Number of protein chains: 2
Amino acid sequence: MLNLSELEQLTAFADLGTLSKTAEELHISQPTLTRTMKQIEEAFGVPLFERGKNRIYLNETGLKAVEYARKLLYDAENAVRQVQTFHARLHTILVESCAPAPLWTLLPLLSENFPEQTISSRLVEIPSVIEDVTAGKCEIGILPFPINENTVACRPIIREELFVCVPKEHELAKKQKLTLSALNGFNCLLRSEIGFWNELCREKMPASRFLVQTDEFAFEELARESSLPCFTTNLAENMYDILEERKRIPVMDKEANVTYHMIYKKQKKEYHTIEEQLRKKDRQ
Amino acid sequence: MLNLSELEQLTAFADLGTLSKTAEELHISQPTLTRTMKQIEEAFGVPLFERGKNRIYLNETGLKAVEYARKLLYDAENAVRQVQTFHARLHTILVESCAPAPLWTLLPLLSENFPEQTISSRLVEIPSVIEDVTAGKCEIGILPFPINENTVACRPIIREELFVCVPKEHELAKKQKLTLSALNGFNCLLRSEIGFWNELCREKMPASRFLVQTDEFAFEELARESSLPCFTTNLAENMYDILEERKRIPVMDKEANVTYHMIYKKQKKEYHTIEEQLRKKDRQ
DNA sequence: TATTATTACGTTAGGCGTAAAGATT
DNA sequence: AATCTTTACGCCTAACGTAATAATA
């Protein structure tokens, strides 16, 4: 029968042209290669080489055999990769969310409930969330609205409400409530990695420019030192010092007050309990 | 690295369910299989089995691995087959002809000129001859007319003329010449394996019925004992005794007097000499 | 003379089977 | 008790490298 490590020697020889170079490259002796080539010929059952006294070449059939050998070697490597990623997928719960906030409570809960599994998450656009959950590319999705698909369970888990933060002396500070369109035209501070909030702002406030900060420290520094409006939500808990100097004004748009929904394939009943635990926490 | 014979053991185990059955089936010991399974797991780098104290199962990843293993094994076998047929093709000259007669002189000539090669021939319909030569599926084709294709050389090689043979007392025996349409309605003896002559007769003589004889002995016996017309040509040399009792009348249709043409890919210049030798013989 | 493939030979590592142990049904 | 996997152990093959041979450029 064919043998992959022998075929590897064959392709190496095809690349290098002489047995001695090949031997050097593969850290084995020439006699071993001579033998291997004979064995390969045996396995294929037809002559693959032209043998001179002092030289050995692949004949036309040999070149064909090398083609097949390369393909087989590639496929074998690929099989290993595929099986490995299959194994990885089997032991990781991939969560795709439209926004970061729900992950703050969801991910720890998953780790706790599935200690054997690796928990992994990505922020992606809303259509991808739906697509990937239905296609089985990820286990759990988080959307800012409910959907109705027959293979997919969809449950509300947590509510997030948007606020604008402006310095107390800012012209908007006197407002008791705001809409995003009322903010349109004001340049704003924005974090990166905020999922669909990003698209929402750009859609509702086309006249504004956004100063996107990747670094949390830079964001907070600017929030302190500038008078640019920024955003926070009921779920953000790490901005007390900034808020002291700023006023928090609720944003009234319905798109800015969302109920996140968790979606997952209906057959994955193990996620039922997660839902419940999340809703319990939300009520607190 | 993956090893095909190990994978074969894996798939056998997948089929049979227990190591001991597999060991029996493959004529090896159980311990060997235990080891092999470990090595395969090692090669894939991920767990493939659930091990009970007294039992070993493939886990989900293992089942995937088996899928890939089967594919790899199939591909490997296939590669061997492909290389073998490639080798065979490289060492055979396949001739496709529309009729048997030209082969009688062509095949011996090929054997003589290419003693290393295997000569192989098939009777096929005219369109297939052209198609297969142009597609490189066969090396040489024989047609009853010339063609003009730019990748294909086409040369006249030999002429064949059709005769009707009837008993001397037959009503057609007085004719000096005939056409196939004049024969239409007469039932005729016919050999099988006569290529395009078969189609020609059926086309030109739709009212006739043909008594096709596969066996040459049966054909000759019937030619002697019946008064059914039969055919011969200038190239047929083995019917003297029959002909003594019958009259040979030339058939005048232009389709019944053909000049065979040999076609082959222009790049195969080694067949030039064959052409010439054939034409030389034809003149004799 | 330097390079290369092949042959011959001796050594050794690893692969296989036997036997035994451990565990399950 | 029978079946099955795993572990332990010893044998023996077969795979490898070294050294020698032969041939070429």
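Keep in mind that the numbers below use all heavy atoms, side chains included, and drop hydrogens, waters and symmetry copies. Source: prediction; values computed, not measured. A, B, ... follow the sequence lines: proteins, then strands. Residue 1 opens every chain.
Counting only residues at least two apart or in different chains, ring-ring contact (aromatic ring centres under 6.0 Å, His included) contacts with residues 123-143 of chain B are absent.
Counting to the nearest Å, the P atom of dT18(D) and the CG atom of L33(A) are 14 Å from each other. Rounded to an integer number of Å, the gap from E41(B) CD to dT5(D) C1' is 14 Å.
E276(A) has no carboxylate O lying under 4.0 Å from a charged side-chain N of R279(A), or vice versa, which leaves the two without a salt bridge. Salt-bridge formation is not detected for the pair E41(A)/K38(A): no Lys NZ or Arg NE/NH1/NH2 atom is positioned less than 4.0 Å from an Asp or Glu carboxylate oxygen.
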* Would you give a per-nucleotide map of nucleotides 9-15 of chain C, 5' to 3', where B means the base has a protein non-hydrogen atom under 4.0 Å away, S means only the sugar-phosphate does, and - means neither? => -------
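In this structure, T85(A) has no side-chain contact (heavy atoms from CB on, under 4.5 Å) partners at least two apart in sequence or on a different chain. For the ring pair (Phe, Tyr, Trp, His ring centres under 6.0 Å) test, residues two or more places apart in sequence or in another chain that qualify with H87(B) are H91(B). Judged as a side-chain contact (heavy atoms from CB on, under 4.5 Å), and not counting sequence neighbours, the contacts of I28(B) are Q9(B), L26(B), T32(B), L33(B). Listed by chain and residue number, nothing satisfies the salt bridge (charged side-chain N to carboxylate O under 4.0 Å, His left out) test with R35(A) (two or more places apart in sequence, or in another chain).
Here the side chain of Q117(A) pairs no donor or acceptor atom with the backbone of I93(A) at under 3.5 angstrom.
For residues 3-27 of chain A, proximity to DNA chain C is found at T18(A), L19(A), S20(A), defined as any non-hydrogen atom under 4.0 angstrom from a strand atom. Contact check of residues 42-63 of chain A against DNA chain C (heavy atom, cut-off under 4.0 Å) returns R51(A), N54(A), R55(A), I56(A).
The shortest heavy-atom contact between L16(B) and E25(B) is CD1-CB, 3.6 Å.
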Side-chain donor-acceptor contacts of residues 122-134 of chain A below 3.5 Å, not counting sequence neighbours, with atom names and distances?
| from | atom 1 | to | atom 2 | distance (Å) |
| --- | --- | --- | --- | --- |
| R122(A) | NH1 | E96(A) | OE2 | 2.9 |
| T134(A) | OG1 | I130(A) | O | 2.8 |
| T134(A) | OG1 | E131(A) | O | 2.8 |

Side-chain donor-acceptor distances from residues 267-275 of chain B under 3.5 Å, at least two apart:
| from | atom 1 | to | atom 2 | distance (Å) |
| --- | --- | --- | --- | --- |
| H272(B) | ND1 | Y264(B) | OH | 2.8 |
| E275(B) | OE1 | R155(B) | NH1 | 3.4 |
| E275(B) | OE2 | Y264(B) | OH | 2.3 |

Side-chain atoms of residues 100-109 of chain B: list all donor-acceptor pairs with protein atoms under 3.5 Å, sequence neighbours left out, distances to 0.1 Å.
| from | atom 1 | to | atom 2 | distance (Å) |
| --- | --- | --- | --- | --- |
| T105(B) | OG1 | P102(B) | O | 3.2 |

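Between T34(B) and T36(A), the one whose closest nucleotide on DNA chain D sits nearer the 5' end is T34(B).
The C1' atoms of five pairs define one axis at each end of the helix from dT1(C)-dA25(D) to dT25(C)-dA1(D), and these two axes lie 30° apart (to 10°).
No side-chain donor-acceptor contact under 3.5 Å links T11(B) and R70(B).
A close approach under 4.0 Å does occur between a side-chain nitrogen or oxygen of K38(A) and OP1 or OP2 of dT7(C).
Distance from the side chain of I28(B) is smallest to dG17(C) among dT6(D), dG17(C), dT18(D).
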